[in-house]
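Since the structure comes first, as C-alpha cells, the remarks are kept for the end.
Everything numeric here is computed off the predicted structure, so don't read it as measured data. Atom set for the values below is all heavy atoms of this structure, side chains included, hydrogens, waters and symmetry mates excluded. Labels below follow one simple rule: chain letters A, B, ... track the order of the sequence lines, proteins then strands, and each chain is numbered from 1.
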Protein chains: 2
Amino acid sequence: MSRADTLPAAANADAGTARVELGELGTSLGFMMRIAQLRLFERFFERFGGLDLKPGEFSLLWVIHLNPGIRQGGLAHALRIKPAHMTKLIRKLEEQGIVTRHIPDDDRRSVELTLTEPGKRFVEERQADFFGADDYHGNALTRAERLQLAELLQKYCGPDWWHE
Amino acid sequence: MSRADTLPAAANADAGTARVELGELGTSLGFMMRIAQLRLFERFFERFGGLDLKPGEFSLLWVIHLNPGIRQGGLAHALRIKPAHMTKLIRKLEEQGIVTRHIPDDDRRSVELTLTEPGKRFVEERQADFFGADDYHGNALTRAERLQLAELLQKYCGPDWWHE
DNA sequence: TATTGTTATACTCTATAACTATA
DNA sequence: TATAGTTATAGAGTATAACAATA
C-alpha cells in the first residue's frame, strides 16, 4: 500500500500517537477529583505501603481516638460509610486488637467504640506522618495552597450537607 | 443498677450523641477528596439520574469526540483507566451504537475509536450540561473558585505525572 | 521479542434488603 | 412501632496475569 509512512486517512490525523486533547475535561471538577484521588492513593502506597493499612482505616482510628466512646452509627455517619460496611471494618479492627466494642447499659442496641492501648499507640506514632506536609500530602503545593484546596473541597460540599 | 440516667463511665463523656470531632481530618486532602467526590456523585445523579449514564462514561465519549481516531490504549492512558477495563467499556458503547471501532491497516494490533453520528449528537447535546455552571458543578463556589479548585487539583497531581 | 488489546479471575468497596435485639 | 446494628447478597470498579495477534 502507498501510505506506510505518509499521513493516515484525513479524518484521523495523528490517530493514536499524538498528545490527547482533553478540552474542558481538564478543568472539570468531576474528572479532576477522580484523577487527583488516584494520584493520592499512588502516593499513599508509596509512603505507607509497608504498613498493611488502607487510606480509610487510619481515618477510622483517628476519629475513634478523638471521640472515645463514639457510637458505631455516629462514626459511620461522620465518615459517610454505610452502617453495613462499618460493621465489617470494625470487626476487623477488633480482631486485630486495635479497637474495643462496648455495649452500654443505657442502650443495649448500640455499640461504643474506643481504642485499645496498642491502638492508641499506633495512632499517636503515625499521626505526624498522616497529617504531615510530605510527598503524600502534596509537595507540589505550598502549605497555604494545601489548606486552600481542602477549604475549597469543603465549600464544594456545601454547609448544609457538611453539618447535617 | 445505679447509673441508668446518670453519667456513663468518665472516659466516655457524650458517648455517641455529641457532634463528632474530626480534628486535622477536616483539612486532610485524602479525606476531603473522598467526601467531595461522594457529594459530587450525589449531585451528578440528582442532575443526570434519568439518563442511564455514569460519570465516567461521558468523559470517555467527550475525549473520543475531541480526538477522533484515538487509539484505545491512548484513551485508557489519558483517562487513567486500565486497558482491560477499557475493553469492556468500549464494547458496551459499541453495542449501544455510540462508538465505532476501526482496525487500521498500518497497525492491525490497534483499535481506533470514533463516535457514530448518534454518538456525536449525544455529546454535543449534553456538553453544556456536563460542563455548565450548575448545581452539580458546585453552585456553592464562584466561577473563579471552581477554576481555582480544578487548578489546585491539577497542581496536586504534579506536572511530571500529569503529562507523562 | 515487544506491543496492543482481550479474556478470565478475583478482590475491594459499596448498595440494598431482610433480619435481631432492643427501645 | 422505631432504632442500632448485623447478615447475606449482589453489583460496580479495579487489579493481575495469561493469552492471541501483530509488529
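Rounded to whole Å, the distance from CG on B:L75 to C1' on C:dT4 is 14 Å. When rounded to the nearest whole Å, the span between CD1 of B:I103 and C1' of C:dG5 equals 9 Å. Summarising the geometry, the separation between CD on B:Q72 and C1' on C:dT3 is reported as 14 Å, rounded to the nearest angstrom. Rounded to whole angstrom, the span from the CG atom of B:L89 across to the P atom of D:dA12 amounts to 12 Å. If you take CE of B:M86 and P of C:dT6, they are 11 Å apart, rounded to a whole angstrom. In this structure, B:K92 atom NZ and C:dT6 atom P are separated by 17 Å, rounded to whole Å. For A:H77 and D:dG5, the NE2 to C1' distance is 16 Å, given to the nearest whole Å. Whole-Å rounding puts the B:I35 CD1 to C:dC13 P distance at 15 Å.
A salt bridge is absent between B:K92 and B:E95; no separation between the charged side-chain nitrogens and carboxylate oxygens falls under 4.0 Å. Ion pair B:E94/B:R101 flagged as a salt bridge, since at least one NZ, NE, NH1 or NH2 atom sits closer than 4.0 Å to an Asp/Glu carboxylate oxygen.
Taking the six-membered ring where tryptophan is involved, the planes of A:F48 and A:F44 are tilted, since the angle between them lies from 30° to 60°. Note: B:F58 and B:W62 have parallel aromatic rings, judged against thresholds of 30 and 60 degrees for the angle between ring planes.
Relative to the side chain of A:R71, the nucleotides C:dT6, C:dT14, D:dG5 differ in distance, and D:dG5 lies closest. When the nucleotides D:dT7, C:dT4, C:dT7 are ranked by their closest atom to the side chain of B:T87, C:dT7 comes out on top. With C:dT12, D:dT7, C:dG5 as the choices, the nucleotide that has an atom nearest any side-chain atom of A:K54 turns out to be C:dT12.
The shortest distance between the side-chain N/O atoms of B:R101 and the OP1/OP2 oxygens of C:dT6 is below 4.0 Å. Side-chain nitrogen and oxygen atoms of B:R91 include none within less than 4.0 Å of the OP1 or OP2 phosphate oxygen of C:dG5.
Put simply, the side chain of B:E21 never gets that close to the backbone of A:V63: no donor and acceptor are under 3.5 Å apart.
A cation-pi arrangement is present between B:R43 and A:Y156, with the terminal nitrogen or guanidinium carbon under 6.0 Å from the aromatic centre and inside a 45° cone about the axis.
A side chain to side chain contact (heavy atoms under 4.5 Å, CB included) with B:V99 is found for exactly one of B:L113, B:T116, B:L89, namely B:L113.
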Polar-atom pairs under 3.5 Å, protein N or O versus N or O of nucleotides 15-21 of chain D: list them with distances, or write none.
{"from": "D:dA15", "atom 1": "OP2", "to": "B:K82", "atom 2": "NZ", "distance (Å)": "3.3"}

